[in-house]
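Everything below concerns the one structure shown next.
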There are 2 protein chains.
Amino acid sequence: MPVDRDHVLRSAAALLTRKSTATMDEVARAAGISRATLHRHFAGRDALVRALESLGIAECEAALDAARVDEGPAADAVRRMVVAIEPAAALLAFLYTENQLFEGEEQNAGWTRIDDRISALFRRGQESGAFRIDLTPAWLTEALYGLLASGAWAVMEGRVARKDFTFMITELLLGGALRREES
Amino acid sequence: MPVDRDHVLRSAAALLTRKSTATMDEVARAAGISRATLHRHFAGRDALVRALESLGIAECEAALDAARVDEGPAADAVRRMVVAIEPAAALLAFLYTENQLFEGEEQNAGWTRIDDRISALFRRGQESGAFRIDLTPAWLTEALYGLLASGAWAVMEGRVARKDFTFMITELLLGGALRREES
DNA sequence: CCCATATGAGACATTGATGTCTCATTCGCT
DNA sequence: AGCGAATGAGACATCAATGTCTCATATGGG
């Protein structure tokens, strides 16, 4: 009978990713609980979003850990990273746009940590000679977020097959649209 | 004394891109007019967003025209396209996320036209042998939107210099992060 | 089996945004 | 200067979402 906090968060994430303006009532119904109960666990909409942010950060850091982004060739590390992040992509897409709202406040330190780790990966790739140096690590990081968000939405709306998600993102991010010269 | 409708729309676009939940009152103040006047020109928030959508579509189609995306090598056409769309990127970023809300309703036919034209460009690049064929035109189009949005936000928050905007997007989209083999 | 605890349903006041209206003022134009 | 049209300021009702509360009910452990 006690509410499954994790289940509530995941339902909320799924709903809010589709409809970021969903009501507390809709969120509650999506999780299969009453609005009163939702309120008992999350003081308000803000607290809910913060909890989702924490979840997103935790999943992202777990994904970076699981992908062992510090090890092996940088390109392979990027591929592992995208694969590991994929399950959290929709949540990240929601938080990515939601973050635009918190313009005044300082952003959660977790994002800074994640940005730094991803940037470090791209920098490592540059220093090893695998990645070009005229695209800054900061931009590559930003672009990764953008592609994850686009990919998540495209999958949600059926414009891209879910099974192609990681392939499309890693291939575009690493290789781009131009055909490689056959060597 | 008559209100400059275009100026109002552009102010609204600039504000809403930064803070998508801005109030009608904030939008009015940002444009330097009163809420009453704003209301006289746009029946409501919905009408305002629709007007912004029309503006975005118009600018996008004008950009595609100006870039002559049907002419010349596809890669060059993509570069011209990004350059031409750049001024509208922030507005597009706003509309791109806002579109997620209109889940029920059918999307404006203008977007379909634009999607088709951009997809056709990518397809043309594939057929000419310039672009790889394992990334679908639909995905490349979607990725372009995502990169434009990421780029616009990154510029707004000072993480990327405005002058690098088009370079970063076109280079990543076309070439990817991997270093090309020297041939 | 019974009790403590958590939940569901719903009432309620509050808040913030919205849309409408009025009226005085200002601006442009003749 | 004078007229008409558009604006600004603000009042007002409305509406939706929120947050709080109560009470009946169900669940699960002892």
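Within every chain, numbering begins at 1; the chains are lettered A, B, ... in the order of the sequence lines, protein sequences first and strands thereafter.
Contact between the side-chain N/O atoms of B:H41 and the OP1/OP2 oxygens of D:dT7 is found at a separation under 4.0 Å. Here B:H39 does not reach the OP1 or OP2 of D:dT7: none of its side-chain N or O atoms lies under 4.0 Å away.
With contacts defined as side-chain heavy-atom distances shorter than 4.5 Å, the pair B:C60/B:I85 qualifies. In this structure, B:L178 and A:R180 have side chains that are in contact, with non-hydrogen atoms separated by less than 4.5 Å.
If you take CZ of B:R45 and P of D:dT14, they are 23 Å apart, rounded to a whole angstrom. In this entry the distance linking CZ of A:F42 with P of D:dT20 reads 15 Å, nearest Å. At whole-Å resolution of the value, CG in A:D4 and P in C:dA6 are 16 Å apart. To the nearest angstrom, P of C:dA17 lies 7 Å from CD of B:E26.
When the side chain to side chain donor-acceptor pair (under 3.5 Å) test is applied to A:R35, no partner is found at least two apart in sequence or on another chain.
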TODO: Decide yes or no on salt bridge (Lys or Arg N to Asp or Glu O under 4.0 Å) for A:R79 and A:E171, but give the supporting numbers first.
DONE: CA-CA 9 Å; A:R79 288 181 220 276; A:E171 286 306 309; 3.0 Å; yes
task = Might you work through the side-chain contact (heavy atoms from CB on, under 4.5 Å) test for A:T17 and A:M156, ending with a clear yes or no?
result = CA-CA 9 Å; A:T17 301; A:M156 267 196 303; 3.8 Å; yes
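Among A:V160, A:V83, A:V155, the one residue that satisfies the side-chain contact (heavy atoms from CB on, under 4.5 Å) test with A:F165 is A:V155.
In the helix from C:dC1-D:dG30 to C:dT30-D:dA1, the terminal helix axes, each the rotation mapping four pairs' C1' atoms onto the next four within five end pairs, subtend 30°, rounded to 10°.
Side-chain atoms of A:E26 do not come within 3.5 Å of backbone N or O of A:T21 as any donor-acceptor pair.
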Report all interatomic pairs (protein N or O, nucleotide N or O of nucleotides 8-12 of chain C) with separations under 3.5 Å.
residue, atom, partner, partner atom, Å
C:dG8, OP2, A:S34, N, 3.1
C:dG8, OP2, A:S34, OG, 3.3
C:dG8, OP2, A:T37, OG1, 2.5
C:dG8, O6, A:R40, NH2, 3.1

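In this structure, B:W153 and A:Y96 have perpendicular ring planes: the angle between them is above 60°, well past the 30° mark.
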